[in-house]
Amino acid sequence: MSSTEIEQTAVLVEQLAQLCMNADNADVTFTVKGQHLPAHRIILATRSEYFRALLFGALKESKQNEITLHVSVDAFKYLMKYIYTGSLSLKQMTIGDILDTLELAHQYGLIDLQTAIANYLGKVIGMNNVCVILETARLLDLTELSSTCYTFMDENANSIIQSYNFRRISYEALFGLLQRDTFAADEVDIFNAVRDWYLYNADKPSKAEKLYNLVRFTLMSQHDLLNVVRSANVLSPNRLLDILAEKEKLTVLPYRAVSCLPELIVDWSKIKWSNSSSGSCSRHGEIDLGNYFKVNGIQVDRRRKGRKFYHQTNYTVRVSVDKERWTKGVTCEAHSPYLTVAHFEISIVRYIRIQHVKDVSEVGVIKAIFYKPNCGCKTGEQSGKM
């Protein structure tokens with residue numbers, strides 16, 4: 001440190017921290033859930049416009065020495081610590097306390113704290129907390145955090161709808177989720193989850209019809225429509241008949257699909273190999289991605305045979321959304337001694353079929369690829385993985 005400068009901010013922070021909820025020289029007391037918490041008007045007013053207006057403005061509280069607040073006492077204590085010290089250890093707090101503190105930071109205009117907490121929550125989203133984080137994010141109009149929650153739910157759709165916490169999600173959050181083209185789970189499972197939500201929230205009958213209208217019944221099999229939906233008795237017979245008729249007429253169904261990261265690596269052990277039906281000695285492999293993805297290319301890496309690569313490059317790739325309707329076969333073109341790629345128009349894909357494979361052992365890593373046309377991406381150079 002230069003002899004012309006004095007830097008003792010650490011001492012200042014330590015001394016201010018000693019004043020936090022200390023009755024010495026305190027000139028106001030907050031009563032929260034029966035607890036009396038002393039504070040210093042000038043410190044609070046300096047740190048927050050809300051407290052400036054409350055304690056020095058025209059409100060009646062400016063003339064009171066004791067002010068009652070109807071907030072979480074633990075969250076208020078955390079907030080006071082931040083106001084007095086400028087720091088807060090979120091890792092030591094429960095998700096509930098963090099969310100309560102976030103609401104207070106929003107209410108009291110502590111924007112820097114609000115932003116920091118929102119950024120932290122975006123990094124710790126998981127199955128056990130995504131629903132409650134989304135509720136708070138929507139309540140506070142935190143668009144980026146809401147988007148992060150929805151993206152997590154998209155990527156874990158099947159697990160989310162089976163989660164017990166899913167029944168506690170608000171109507172507004174559920175409505176927004178069902179509208180998403182990227183919330184890709186089996187539609188019959190989505191229907192069952194909506195029905196469970198309604199039974200758990202039976203005080204909201206007026207909202208049931210709006211939610212059921214967002215279920216994409218035409219994506220369900222006739223078996224599920226007749227045995228699952230009809231037995232649930234939530235649609236009229238005429239509505240069910242209309243759905244069956246519409247399903248027959250549609251040439252393009254409204255599938256939901258995950259917005260795939262640049263590449264999705266296939267679990268090799270899950271490829272089902274079988275002999276070609278043409279009678280040739282080649283084989284074909286069938287892959288179930290387990291969900292619906294936007295895909296416009298399939299990449300096949302070939303393994304080495306000793307010090308050399310296998311020479312075969314003419315694999316044929318077909319993709320499908322339902323295993324009934326397959327695209328026309330596309331030949332994998334060689335891009336290097338070890339890399340072959342099949343390009344096709346952007347499709348929603350769940351199933352992949354690789355045909356004309358003479359030796360299964362020559363097939364290495366298989367990737368489903370999605371990249372925007374004319375984006376400058378080169379095959380084999382995408383970086384994201386799932």
Side-chain angles (χ1 to χ4, degrees), residues 127 152 154-159 182 184-186 189 255-371 377-386:
M127 290 297 302
F152 179 88
D154 287 344
E155 296 171 352
N156 300 274
N158 289 309
S159 298
T182 48
D186 287 337
D189 293 333
Y255 284 104
R256 306 174 191 266
V258 176
S259 292
C260 189
L261 289 175
E263 61 184 27
L264 175 67
I265 299 177
V266 173
D267 185 344
W268 203 95
S269 65
K270 294 183 178 179
I271 304 174
K272 296 181 179 179
W273 295 100
S274 59
N275 293 326
S276 174
S277 59
S278 63
S280 66
C281 61
S282 66
R283 307 185 72 190
H284 71 260
E286 196 163 285
I287 301 162
D288 180 357
L289 296 177
N291 210 329
Y292 303 95
F293 295 91
K294 289 183 180 179
V295 173
N296 58 1
I298 304 298
Q299 175 179 311
V300 181
D301 294 355
R302 293 181 295 120
R303 291 176 175 156
R304 290 178 180 269
K305 187 175 184 179
R307 294 187 176 183
K308 298 180 179 180
F309 290 104
Y310 285 91
H311 293 295
Q312 180 182 345
T313 59
N314 59 337
Y315 309 123
T316 301
V317 172
R318 305 175 75 191
V319 295
S320 173
V321 73
D322 56 9
K323 291 185 71 173
E324 295 180 4
R325 293 166 292 182
W326 292 86
T327 61
K328 183 179 179 181
V330 178
T331 300
C332 278
E333 299 178 355
H335 283 247
S336 73
Y338 62 90
L339 174 67
T340 59
V341 181
H343 296 279
F344 43 87
E345 292 185 2
I346 295 174
S347 303
I348 294 177
V349 174
R350 175 162 180 171
Y351 302 96
I352 301 171
R353 183 176 288 168
I354 299 178
Q355 299 173 297
H356 305 143
V357 179
K358 294 179 180 178
D359 185 347
V360 171
S361 64
E362 72 185 29
V363 177
V365 177
I366 300 174
K367 301 174 183 177
I369 302 170
F370 175 73
Y371 60 93
C377 299
K378 294 183 179 180
T379 303
E381 295 183 0
Q382 291 83 5
S383 58
K385 295 185 180 180
M386 296 178 74

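Side chains are part of it too, since the values below use all heavy atoms of this structure and drop only hydrogens, waters and symmetry mates.
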How long is the straight-line distance from [atom2] of [Y] back to [atom1] of [X], given to the nearest 0.5 Å?
X    : Y    : atom1 : atom2 : result
E333 : Y315 : CD    : OH    : 14.5 Å
I287 : L289 : CD1   : CG    : 7.0 Å
Y255 : K294 : OH    : NZ    : 15.5 Å
E263 : Q299 : CD    : CD    : 6.5 Å
S269 : I271 : OG    : CD1   : 8.5 Å
N156 : N291 : CG    : CG    : 9.5 Å

Pair V349, Y292 - check side-chain contact (heavy atoms from CB on, under 4.5 Å), show working. CA-CA 5 Å; V349 174; Y292 303 95; over 6 Å; no
Would you say [X]'s side chain and [Y]'s backbone share a donor-acceptor pair under 3.5 angstrom?
X    : Y    : value
T182 : A257 : no
T331 : T316 : no
W268 : V363 : yes
D154 : A184 : no
S347 : E345 : yes

Smallest separation among heavy atoms of [X] and [Y], with atom names:
X    : Y    : result
N158 : G290 : ND2-O, 4.0 Å
R325 : S320 : O-OG, 2.8 Å
K367 : V365 : CE-CG1, 3.8 Å
F152 : M127 : CZ-N, 3.8 Å

Criterion side-chain contact (heavy atoms from CB on, under 4.5 Å) on I298 and I352, from CA distance to verdict: CA-CA 9 Å; I298 304 298; I352 301 171; 3.6 Å; yes
Would you call [X]-[Y] a salt bridge at under 4.0 Å N-O?
X    : Y    : value
R256 : D186 : no
K270 : D288 : no
E286 : K272 : no

Can F344 and K328 be said to form a side-chain contact (heavy atoms from CB on, under 4.5 Å), step by step? CA-CA 10 Å; F344 43 87; K328 183 179 179 181; over 6 Å; no
Flag side-chain contact, heavy atom, 4.5 Å: I346 against F370: yes
